[in-house]
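One structure is given here, and the rest of the page talks about it.
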Amino acid sequence: MSVDAEVEDEFGAEGDVCLQLQADLIFTPQSQGERGWSYRIDDLTRSRFFRIGVEEYSLISLFDGSSTLREAWRTLQQAGVGNNLTQRESIAIAHWLLGSGLALAVQGRRVLSVATVQNEAGSGERAAWHPLFFRVPLIQPDSLVRAVLPWTGWIHSRLMLLTWCLTVLIASLQVAGQWPRFSASSVGILAADNWLWLLGTVLILKLVHEFSHAVACRRYGGRVGAAGVMMVFFAPLAWIDVTSSWRFPSRWQRIHVALAGIYLESGIAAIAALWWCRTEPGVLSSHLYNIVLVGGVSSLIFNANPLMRADGYYVLSDLADIPNLMSSSMQQLLGTVRRLLLGTPPPLLMYTGWRRMLIRAYGPASCCWRLFVYTCLILSASVLLHGAGAVLAAVGIAVLLVRPLKRVTADLAGGLRTGRVQIRRLLLVGATGVFCVLIPAFGVGWQQRCSAPGVVQFAPHSVVRARAAGFLTEVRVELNQQVQQGDILAVLDSEELETEVRRLRFDVEASQLKCRLLQRQNRIAEYRIELDHLTGLQKQLQEKEDQVSSLVILAPLAGTVTGRNLRTLVGAYFEEGDELLSISGKTGREMRVSVSQMDAESFADVKGRTVSVRIPGRLARNGRLTQMTPRGTKQLDLLHLSAGFGGPVPVRATDSAASSGLQTHELLTPRFSATVEIAGPATELRAGETGAVSWLGSSKSAGERLISGIRRWISVRTGRNDHSGG
């Protein structure tokens, strides 16, 4: 009995297509151990490789340009080779070959029209070029790598691997111990004055990264191809061709080559991190931080990320044994979109079980990651280069989307011409998709609970400030000392002010003598002019004498001395209005809160209303916002909340700290100060306890919060402090 009589023909018109394999393909059998054998397909022209099973290879090997898909499948069935290969799976293999550019359709009008679109997409990869993403080959380093291999092979030895593990572990623990300082150092990392140093660090570390790939590839007998520069959004990066590692029979060798760059780069970053932890803030510390950020953090986010076609992707592809993971998942995703919009049959997969699930999940995850990266690029360009940068980035990203949008548009146009597309279905699915994506992202908002750190202090509370500028010469109180209203707290000295008082006294006496002389000479007009001048001098003298008397700092009320320890600041210079210390009473408790700029507006809206006050180890209490400063400042007032004292507010050293001696740190970004009156018994709370105040903020959607959060993050890292999106 023939195969035709036993099995119903499911090929349809697609079975009449004749496939012709590309001439530059090499098929190599590989042993997979207990999993049997497979075949590796090397696409030499496009430097790609794929891995297929024995049955798939048996079918593909029959595509010589003269046999149709139906005839090739029948040949396998009659030979008893591909008994497990169904007709639907054979169609899926044919579409995968066409979509990947591994084969050409040479006949069959209907299938050729579809295959041509798919093949153009595949063959377009051969000459794909994008102004924001392109490679420039410069040298052929294979002979150089082979020459230095005897002196560099130790980099990938087992002893070095153990050393790397210990170094990375110790560095990670030490950075975690100094995390507030590490996080604070990222502020201004993308500022214009650091661009040149950061770019140099990137170039050097990426050269080391690619060199490590080359050494590992040569270590296993592979050949190193071309090397050069790759431009990614105008940022130059090094690249090297080690695609020969795809031919290694051991997956662990291939994984080693893929991870070699991250391995060496992160090792250098770990050494820099250990050095950074023992270095005081300065130029050296800044350069070490650049190395840690580029070689450690960014390398893990981008190179090790499997959602990008980088080192992590090839590791995942090898571990999952799906060498064409990216193309398979994208074809599956595009086929799903076609099915939803056009109602076409779902695409078939050559994988089963968890591999099938991975392929279906990888495509959407990769697209979401790309969308996030593109959003960050556009927002970064808008912050760094303003509107022109945003337009440039948007145009570049739009060019990236031209090909997939063109394919979908072609499918829609073809479906409309042939009548396969139902307008109602298209509109319904499109509207549903827009509703499911845009409405939750930008149309639905909710009130987010905001919080701000604070310190408990006695109430009533009075901040004692310098009423006149001067040097601190004497301190007569201690922290937590009880004082009465009018007690002397400290004394400032200002030679400039005292000199001005002496000069004004001399001018007043001289003017008085002149007035008396003019009056005796009966020069009335001149006498009146001089009398007005004398009145002005006496007023100025009174003001200066008041300022001199204010150099003696008095307690404005009875209470306890809180705030800073002034004895450590004797000799420091205070400007008029600078905070000296605080006096707190004992009749109540309040919390002094430090509010970020992004939360200042919503916090000001709750003035007079109830907020929640939380202190670790105690029950939550209600509070009421009583006052808030109208403007933000970088002045560090609440030492207990700063990162230097283990608090949550990041600070940095000031440039003038060494010369002034007044304050060695300032806030990274301006913050607002507020006072919250705490309800309940006052005796249960102690002054100096830290906690947080929480309240319901404004209503924003998830998309708005994401975009404003990215803009704030970029603004802080570029040192621009642009919080307009908050």
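All residue numbers refer to positions in the sequence shown, counting from 1. In this text the structure is predicted, and so the values were computed from the model without any measurement.
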Exercise for review: Before giving the answer on side-chain contact (heavy atoms from CB on, under 4.5 Å), spell out for Y527 and C515 the whole-Å C-alpha distance, their side-chain angles and the decisive distance to 0.1 Å.
Suggested key: CA-CA 6 Å; Y527 167 74; C515 283; 4.0 Å; yes
Check your understanding: Closest heavy-atom contact between L625 and A604?
Key ->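 Here L625 and A604 meet closest at CD2-CA, 4.4 Å.
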Review point. Looking at L557 and V483, what are the two nearest heavy atoms and their distance?
Key: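 Taking every non-hydrogen atom into account, O-CG2, 4.3 Å.
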Please check: side-chain N/O of [X] versus main-chain N/O of [Y], any donor-acceptor pairing under 3.5 Å?
| X | Y | answer |
| --- | --- | --- |
| R624 | T610 | no |
| S550 | Q547 | yes |
| S285 | W276 | no |
| S299 | G296 | no |
| T473 | V491 | yes |

**Study point:** pair V693-R614: side-chain heavy atoms closer than 4.5 Å
**Key:**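 No; the side chains remain at least 4.5 Å from each other.
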Check your understanding: Side chains of L580 and L489: closer than 4.5 Å at any heavy-atom pair?
Key ->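 No, their side chains stay 4.5 Å or more apart.
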When you look at [atom1] of [X], are more than 12 heavy atoms from neighbouring residues, nucleotides or ligands closer to it than 6.0 Å?
| X | atom1 | answer |
| --- | --- | --- |
| R567 | CZ | yes |
| R465 | CZ | yes |
| Q484 | CD | no |

Review point. Under 3.5 Å, is there a donor-acceptor pair between the R671 and S594 side chains?
Key: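 The answer is yes; a qualifying pair exists.
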Salt bridge present between [X] and [Y] (N-O < 4.0 angstrom):
| X | Y | result |
| --- | --- | --- |
| K544 | E498 | no |
| R503 | D507 | yes |
| R592 | E590 | no |

Exercise for review: Can you measure from CG (L284) to OG1 (T279) and round to the nearest 0.5 angstrom?
Suggested key: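 Rounded to the nearest 0.5 Å, the CG-OG1 separation comes out at 5.0 Å.
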**Study point:** CD1 on I488 to CD1 on I553, rounded to 0.5 Å
**Key:**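 If I round to the nearest 0.5 Å, the distance is 10.0 Å.
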Practice item. Tell me whether the centres of the aromatic rings in F182 and Y289 are closer together than 6.0 Å. Key: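 Distance test on ring centres: under 6.0 Å, yes.
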